[in-house]
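Notes for the one structure printed next.
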Amino acid sequence: MSFVHGESLEKAGLGAIHHKVLAGERLSADDGLQLYACTQLPAIGYLANLVRQRLHGDCTYYVRNQHINYTNVCNKLCKFCSFYVKAKDERGYVLSPEQVQERVRQYLHVPITEIHMVGGVNPKLPYSYYLEVLRAMKEARPQARLKAFTMIEMAQIQRIAKKPLEEVLLDLKAAGLESLPGGGAEVFSDRVQGDLFWTKSDSEEWLRIAAAAHRAGLPSNATMLYGHIENTEEKVYHLCRLREVQDETGGFLAYIPLSFHPERTELEHLPGPSGCLDLKEIAVARLMLDNFPHIKTFWIMNTIEVSQVALWYGADDLDGTIMDYEITRKAFAETQQRLTHQDLMARIAEAGRVPVERDSLYNTVTPSQPAVAQVA
Ligand code: V47
């Protein structure tokens, strides 16, 4: 099926959206609903790829990164999460700043440029802990960019700091923080929140903290967790609110739709999203989020194969080599949790795209001499 002359797009009911995409016009919330309702997945992918090509050509970004989870103790009790434990659980852990530093040192032989650190909301941790952990990482690996703490953790850090958010953000920045990951947004819906994550900050609070971080010079990512009990209207609302805040701050770097994995969660009875939905989320996001520079396919959750296809459905970023990803490790312990640098480049090339190594802030990393005993 060829979309080039637009007849197939007309047949798929996407003619008007096609015209807007060609003209670079913003899509409306109704357009978003129409895209989600469309069953012609390749047609949506074709449109998303027009935007992707315009913005990035064949470039596909990846980062050499390490994930660290400083604690799994969390008081939020989200039904979709297989990572957290309650305060008294014997499986609970908190890494000391020294232990976090040790984790960083473990991979000093690998040319990692980003450390992505998040954890549970653990009210036992004092304000000083967060600052010390950042300093410890920076000391061990001064060149790496620190991307840490979701908006939900930020709300807890401010609570414990008992200071205005703006001051807290500046303290964390002075301790080495350079950007924030996009987690904790889930779905901007009171209905879904009431059922799945009722103890967390609501959507407006998440957006308020993100905007404050952007104003403090800390860019962030944004996510949406899909494939559980959310509906299409809620997803379109989520995308539109992100787009509005991005119009105000310009601080979002990438949007990452997160494919829900029900295994070992309280929602284990749900089937979880299909690969087709994974691709649709990427494509609809690329079309709706016209002011987001990057759309990331998080291969750990989407699988590397679906992610390769996603590079033709609007995604321009694959995340990274990812040393030690814990959030869904329990859910799919058997699957591969890391790809070497060579693997990742080969997978991008196999998909017909051009690999470009980037750092956290999307600066291009120029290839250096391979490190001795390089594994990623
Ligand atoms: O906020 C929790 C989600 C998020 C499950 O910013 C789950 O570069 C699927 O935000 N199945 C954390 N998802 C991960 C995250 C992230 C990942 C990669 C890159 C970036 C970035 C951010 O994971 C949580 C939650 O929404 N999550 N449980 C689950 N069972």
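Computed from a predicted structure; not experimentally measured. Keep in mind that the numbers below use all heavy atoms, side chains included, and drop hydrogens, waters and symmetry copies. Residue numbers count from 1 along this sequence. Indexing begins at 1, ligand by ligand and atom by atom, following the structure's order.
Residue F260 has no N or O atom closer than 3.5 Å to an N or O atom of ligand 1. At under 3.5 Å, a nitrogen or oxygen of K147, whether backbone or side chain, sits near a nitrogen or oxygen of ligand 1. Polar contact with ligand 1: present for N221 (N/O pair, distance under 3.5 Å). No N or O atom of H116 sits closer than 3.5 Å to an N or O atom of ligand 1. In terms of polar-atom proximity, H261 is counted as a contact of ligand 1, with an N or O under 3.5 Å from an N or O of the ligand. On a distance-only criterion, F80 and ligand 1 share at least one N/O pair closer than 3.5 Å.
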Under the salt bridge (Lys or Arg N to Asp or Glu O under 4.0 Å) criterion, do K235 and E281 qualify, and how do the steps go?
-> CA-CA 9 Å; K235 290 194 283 198; E281 292 298 341; 2.7 Å; yes
Would you check, one step at a time, whether the test salt bridge (Lys or Arg N to Asp or Glu O under 4.0 Å) holds for R135 with E132?
-> CA-CA 5 Å; R135 289 191 200 111; E132 281 165 26; 5.5 Å; no
Begin from the C-alpha positions of H341 and Y62 and carry the test side chain to side chain donor-acceptor pair (under 3.5 Å) through to its verdict.
-> CA-CA 9 Å; H341 174 231; Y62 69 94; 2.8 Å; yes
Would you check, one step at a time, whether the test salt bridge (Lys or Arg N to Asp or Glu O under 4.0 Å) holds for E178 with K138?
-> CA-CA 11 Å; E178 282 172 277; K138 208 65 191 166; 3.3 Å; yes
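For ligand 1, the atoms closer than 4.0 angstrom to any heavy atom of T223 are 10 (O). Near G183, meaning under 4.0 Å from any of its heavy atoms, are these atoms of ligand 1: 1 (O), 10 (O). Atoms of ligand 1 lying under 4.0 Å from at least one heavy atom of L258, given by number and element, are 3 (C), 4 (C), 10 (O), 15 (C), 23 (O), 26 (O). Atoms of ligand 1 found under 4.0 Å from any heavy atom of P181 (numbered from 1 in listed order, with element): 6 (O). Close approach of ligand 1 to E186 is summarised as follows: ligand atoms under 4.0 Å from at least one heavy atom of the residue are 1 (O), 25 (C), 26 (O). Atoms of ligand 1 lying under 4.0 Å from at least one heavy atom of F298, given by number and element, are 17 (C), 18 (C). The atoms of ligand 1 that sit less than 4.0 Å from any heavy atom of M301 are 9 (C), 13 (N).
Residue nearest to atom 21 (C) of ligand 1, selected from V63, N65, D317, I256: I256 (by heavy-atom distance). Closest heavy-atom approach to atom 7 (C) of ligand 1 among the candidates L253, L225, I152, T265: L225.
Here D359 does not pair with K147 in a salt bridge; the nearest charged N to carboxylate O distance is not below 4.0 Å. A salt bridge is defined here as a Lys NZ or Arg NE, NH1 or NH2 lying under 4.0 Å from an Asp or Glu carboxylate O, and E114 with R145 fails to meet this definition.
Looking only at side-chain heavy atoms (C-beta outward), T60 and D316 stay at 4.5 Å or farther from each other. For the pair Q308/E350, a side-chain contact is recorded, criterion being any heavy-atom separation below 4.5 Å from C-beta on. With a 4.5 Å cut-off on side-chain heavy atoms, V192 and I229 count as touching.
Applying the ring-ring contact (aromatic ring centres under 6.0 Å, His included) definition to pairs two or more places apart or across chains, none involves residues 10-36.
Take V73 and apply the side chain to side chain contact (heavy atoms under 4.5 Å, CB included) test, not counting sequence neighbours, and it matches T71, V85, A87, N122.
Taking 4.0 Å as the cut-off, A185 does not count as a neighbour of ligand 1 on heavy-atom distance. The shortest heavy-atom distance from G184 to ligand 1 is under 4.0 Å. The closest approach between any non-hydrogen atom of R264 and ligand 1 is not below 4.0 Å.
Residue contacts with ligand 1 for D319 involve side-chain atoms from C-beta outward but no N, CA, C or O (heavy atoms, distance under 4.0 Å).
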